[in-house]
Amino acid sequence: MRRLLAATAAALSAAALFAFPAQASAAALPDFDFSACPAPPADADPGTWRCEAFVAQGALTIGDREIPLGEMRLTFSEGKVDGKYAQVFGELRHAPARIRDTFGATLQLKYGGYSDFQSNDERRGELDLYASLRHPLLPKECTIGTLGAPLHSVVEDDPAVPFEVISKKPATVRFGVVDSQLALPRTTGCGPLARVADELLGLPSASGRNTFKMATYVQFKPL
């Protein structure tokens with residue numbers, strides 16, 4: 001998932017500059033919410049900071065089971081401090097997504113405490129996550145990964161959704177990211193039904209058997 005975020009950083013964060021190619025054809029854009037943008041640090045270099053608001057649609061595949069995730073929203077701010085790149089995480093919002101054939105269980109992604117959205121030649125970004133599992137028969141503490149031991153996602157460009165500039169004013173882009181190496185552990189905190197939850201979801205599931213994909217719109221706002 002690091003490339004999901006780095007997808008923004010590489011393509012968008014190559015600098016604090018907005019040097020984009022010719023504008024792509026207009027598309028139906030989502031509403032972007034900048035209310036959770038974190039303020040630049042007190043020692044930030046003036047005029048270098050901006051907020052990035054993500055609106056993504058994707059899916060998590062565990063073995064042969066695909067879980068459509070619906071919409072995920074994420075914000076962070078980036079710029080320079082003493083001439084060096086810096087970033088501050090804002091917020092991740094994801095509504096519970098229904099898991100088919102699990103008697104009504106849902107999965108909700110949560111921020112795991114680490115992110116790196118500056119892309120490089122190897123990945124688009126990195127993000128720590130965990131997933132909250134909800135069902136009337138499961139304890140509310142039931143998760144895949146935890147805040148203390150999160151899932152670590154490193155995302156790369158998804159050729160199926162190439163990078164494109166949607167608008168220059170306001171600066172808006174679209175791209176796809178994919179993590180095909182995400183490892184998923186057994187569930188945690190799921191009580192007496194932990195084994196049933198693991199068997200239904202196919203957990204644990206080793207790296208190489210799972211895929212996390214997102215098609216993402218990003219809009220930028222100077223701070």
Side-chain angles (χ1 to χ4, degrees), residues 1-10 54 56-72 74 89 92 94-135 137-161 175-216:
M1 206 173 206
R2 297 188 168 188
R3 271 199 167 182
L4 187 171
L5 308 170
T8 288
F54 291 66
Q57 294 274 348
L60 173 65
T61 301
I62 306 174
D64 58 1
R65 174 192 289 277
E66 181 178 89
I67 304 172
L69 295 174
E71 183 179 273
M72 184 181 81
L74 183 150
F89 186 81
L92 185 152
H94 178 238
R98 179 66 65 91
I99 307 172
R100 288 192 293 263
D101 302 321
T102 58
F103 310 102
T106 63
L107 177 150
Q108 184 178 25
L109 296 178
K110 308 253 184 159
Y111 180 56
Y114 172 81
S115 61
D116 181 359
F117 302 146
Q118 186 178 27
S119 58
N120 56 38
D121 292 340
E122 296 180 353
R123 76 339 180 238
R124 275 291 187 175
E126 304 183 18
L127 182 67
D128 279 0
L129 300 162
Y130 65 100
S132 176
L133 295 176
R134 291 288 181 267
H135 186 276
L137 298 179
L138 292 174
K140 63 181 180 179
E141 300 82 12
C142 183
T143 61
I144 304 172
T146 65
L147 185 59
L151 315 174
H152 184 63
S153 180
V154 180
V155 295
E156 302 178 349
D157 291 329
D158 184 356
V161 187
F175 58 85
V177 294
V178 58
D179 178 0
S180 57
Q181 300 302 315
L182 183 65
L184 298 172
R186 296 184 185 279
T187 56
T188 298
C190 296
L193 293 179
R195 180 175 296 181
V196 174
D198 288 340
E199 289 179 356
L200 282 173
L201 294 173
L203 299 174
S205 189
S207 174
R209 298 192 67 250
N210 316 301
T211 304
F212 177 77
K213 279 190 173 186
M214 283 283 175
T216 304

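Side chain of D179 to backbone of F212: no donor-acceptor contact under 3.5 angstrom is found. Checked by atom type and distance alone, the side chain of R186 never pairs as donor or acceptor with a backbone atom of A194 at under 3.5 Å. Looking at D198, its side chain never comes within 3.5 Å of a backbone N or O of L203 through a donor-acceptor pair. The closest donor-acceptor contact from the side chain of D157 to the backbone of P159 lies at 3.5 Å or more, if one exists at all. D158 places no side-chain N or O within donor-acceptor distance of the main-chain N or O of K213, the cut-off being under 3.5 Å.
The two atoms that bring R134 and C142 nearest to each other are NH1-O, 4.1 Å, heavy atoms only. Shown here for G112 and P150, the closest heavy-atom pair between the two residues is O-CG, 3.8 Å. Shown here for L147 and Y111, the closest heavy-atom pair between the two residues is CD1-O, 3.8 Å. Smallest separation of non-hydrogen atoms from A131 and L109: CB-CD2, 4.2 Å. Annotation for S115 and F89: closest pair OG-CD1, 3.6 Å, computed over non-hydrogen atoms. L69 and H94 make their closest contact through O-NE2, 2.7 Å (heavy atoms, listed as atom of the first residue, atom of the second, distance).
Side-chain contact between L129 and L92: present, with at least one pair of heavy atoms (C-beta onward) separated by less than 4.5 Å. The closest side-chain heavy-atom distance from P68 to Q57 is not below 4.5 Å. Side-chain contact between L137 and P192: absent, with no pair of heavy atoms (C-beta onward) separated by less than 4.5 Å.
A distance of 7.0 Å separates CD1 in I62 from CD1 in I99, rounded to the nearest 0.5 Å. To the nearest 0.5 angstrom, L107 atom CG is 12.5 Å from R98 atom CZ. The line from CD of E66 to OG1 of T211 is 9.0 Å long, rounded to the nearest 0.5 Å. Taking SG of C190 as the reference point, atom CZ of R195 lies at 13.5 Å (rounded to 0.5 Å). Residue I67 holds its CD1 atom at 9.0 Å from CZ of R100, rounded to the nearest 0.5 Å. Separation of atoms OG1 (T187) and CG (L138) is listed at 8.0 Å; rounding is to 0.5 Å.
The aromatic rings of F54 and F175 sit perpendicular to each other, their planes meeting at more than 60°, with 30° as the lower class boundary.
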Inset, instruction - Might you work through the side chain to side chain contact (heavy atoms under 4.5 Å, CB included) test for L201 and L184, ending with a clear yes or no? - result: CA-CA 10 Å; L201 294 173; L184 298 172; over 6 Å; no
Inset, instruction - Test side chain to side chain contact (heavy atoms under 4.5 Å, CB included) on T102 and H135 and set out the steps. - result: CA-CA 9 Å; T102 58; H135 186 276; over 6 Å; no
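Donor-acceptor pairing under 3.5 Å is recorded for the side chains of Q181 and S207.
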